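Notes follow once the structure below has been shown.
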Amino acid sequence: MNLDEFIQYISNIETPDTVVNPYAVYREGIDALEGSSATRLAHLRHYLNHRLDTAQMLLIAEAPGYQGARFSGLAMTCERTLLGHRDNVATADVLGEGIQPVRTSHLLACRYATQRNQGIAKPTAAVVWGEIMQRGLARQIVLWNAFPFHPHNPDVPLSNRTPSAQEVEDHSQILDEFLGLFPNAQRIVAVGNTARDLLAQKEIDAPLVRHPANRGTNLFRQQINQIFDQYF
């Protein structure tokens, strides 16, 4: 499966009511435009294409959150990072040249003025991209999730929950197709236990690092830099 086929593949996957496929869904009052899913697909295509020939390490986390890939389309990346509102990350670092990113979160989905003005922000994105950019690895690292869709609590679309083991298992083939895009990547790293468990099921040797969420920032930074020191 090549990149174009992967983009088409992921956009056609249907999900249950408490899971959002950000590449296929429009929800009024949450998504900015009816074409928001197509915008997120474009973001994803450019992000992956920018790294097809340069990727050396894949970081696989758990699932999109409503502050992150639900609106940006990119794992561990928020709108504020994508739109260039971080001091240490330019839009071109994320997507390469030739595309102008567009926010897809509706203003009604924003709680604060900064979210309305600069896009929704996710602390995990700031931490992960901070470490990537500090080491100059923007095109050597590819970010993805074991479960690439946004799981939320019933009737609370702007919430996060851990995907069930069954949900992850039901969609595990997506990770296989994703990994096939980067056959030359030398190392796969599990960011958190959900990714660790899925990669172990596939008999993929992947060191585990702490997910930076929920007070895990310091340990994540320590562990990921140890891995960077070893492989770069």
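Please read these numbers as outputs of a predicted model, since none were measured by experiment. Position 1 is the first residue of the sequence; numbering continues from there. FYI, side chains are in, hydrogens and waters are out, and symmetry mates aren't considered; it's all heavy atoms of this structure.
Judged by distance alone, with hydrogens and angles left aside, the side-chain atoms of Y23 form a donor-acceptor pair with the main-chain N or O of G73 at under 3.5 Å. For H43 (side chain) and V102 (main-chain N/O), a donor-acceptor pair under 3.5 Å exists by modelled atom type. Remark: side-chain polar atoms of R103 are not paired, donor with acceptor, to backbone N or O of L83 under 3.5 angstrom. Put simply, the side chain of E177 never gets that close to the backbone of I174: no donor and acceptor are under 3.5 Å apart. In this structure, R139 contributes its side chain and H50 its backbone to a donor-acceptor pair below 3.5 Å. No side-chain donor-acceptor contact under 3.5 Å links D170 to the backbone of E167. Side-chain atoms of S36 never come within 3.5 Å of backbone atoms of E34 as a donor-acceptor pair (strictly under, hydrogens ignored).
Remark: of the listed residues E79, R70, Q67, E79 is the sole one forming a side-chain hydrogen bond (donor to acceptor under 3.5 Å, both in side chains) with S105. With V209 as the fixed residue, the side chain to side chain contact (heavy atoms under 4.5 Å, CB included) test singles out one of L219, N225, I227: I227.
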Residues 107-121, side-chain donor-acceptor partners within the protein, below 3.5 Å, at least two apart:
unit_1: Q115; atom_1: OE1; unit_2: R111; atom_2: N; d: 2.5
unit_1: Q115; atom_1: OE1; unit_2: Y112; atom_2: N; d: 3.3
unit_1: N117; atom_1: ND2; unit_2: A113; atom_2: O; d: 3.2

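Sorted by first and then second residue, the ring pair (Phe, Tyr, Trp, His ring centres under 6.0 Å) pairs with a member in residues 141-180 read F6-W144, W144-F178, F147-F149, F147-H171, F149-H171, H150-H152, F178-F182; sequence neighbours excluded. Within the structure, the side-chain hydrogen bond (donor to acceptor under 3.5 Å, both in side chains) test picks out the following pairs touching residues 189-200 (sequence neighbours left out): E62-T194, N193-R196. The side-chain hydrogen bond (donor to acceptor under 3.5 Å, both in side chains) pairs that include a residue from residues 182-191 are R187-Y231, where partners are two or more places apart or lie in different chains. The salt bridge (Lys or Arg N to Asp or Glu O under 4.0 Å) contacts involving residues 121-132 comprise E131-R221, where partners must be two or more places apart or lie in separate chains.
Residues L74 and L44 share a closest heavy-atom pair of CD2-CA, 3.6 Å. Heavy atoms only, all atoms of each residue included: N160 and N153 are closest at O-ND2, 3.9 Å.
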Under the salt bridge (charged side-chain N to carboxylate O under 4.0 Å, His left out) rule, what do D93 and R86 come out as? Steps first, then yes or no, please. CA-CA 11 Å; D93 293 323; R86 303 279 190 195; over 6 Å; no
Go through it in stages, so that I can follow the logic: the residues are N2 and E5, the test is side-chain contact (heavy atoms from CB on, under 4.5 Å), and I'd like the CA-CA distance, side-chain angles, deciding distance and then a yes or no. CA-CA 5 Å; N2 62 30; E5 291 169 337; 3.2 Å; yes
Pair L143-Y47, side-chain contact (heavy atoms from CB on, under 4.5 Å): steps then yes or no: CA-CA 10 Å; L143 307 175; Y47 172 80; 3.5 Å; yes
Could you walk me through whether W129 and M76 pass the side-chain contact (heavy atoms from CB on, under 4.5 Å) check? CA-CA 8 Å; W129 276 98; M76 292 181 276; 5.7 Å; no
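Put simply, the side chain of L175 does not reach to within 4.5 Å of the side chain of S172, judged on heavy atoms.
Annotation: salt bridge (charged side-chain N to carboxylate O under 4.0 Å, His left out) contacts of R40 (sequence neighbours excluded): D31.
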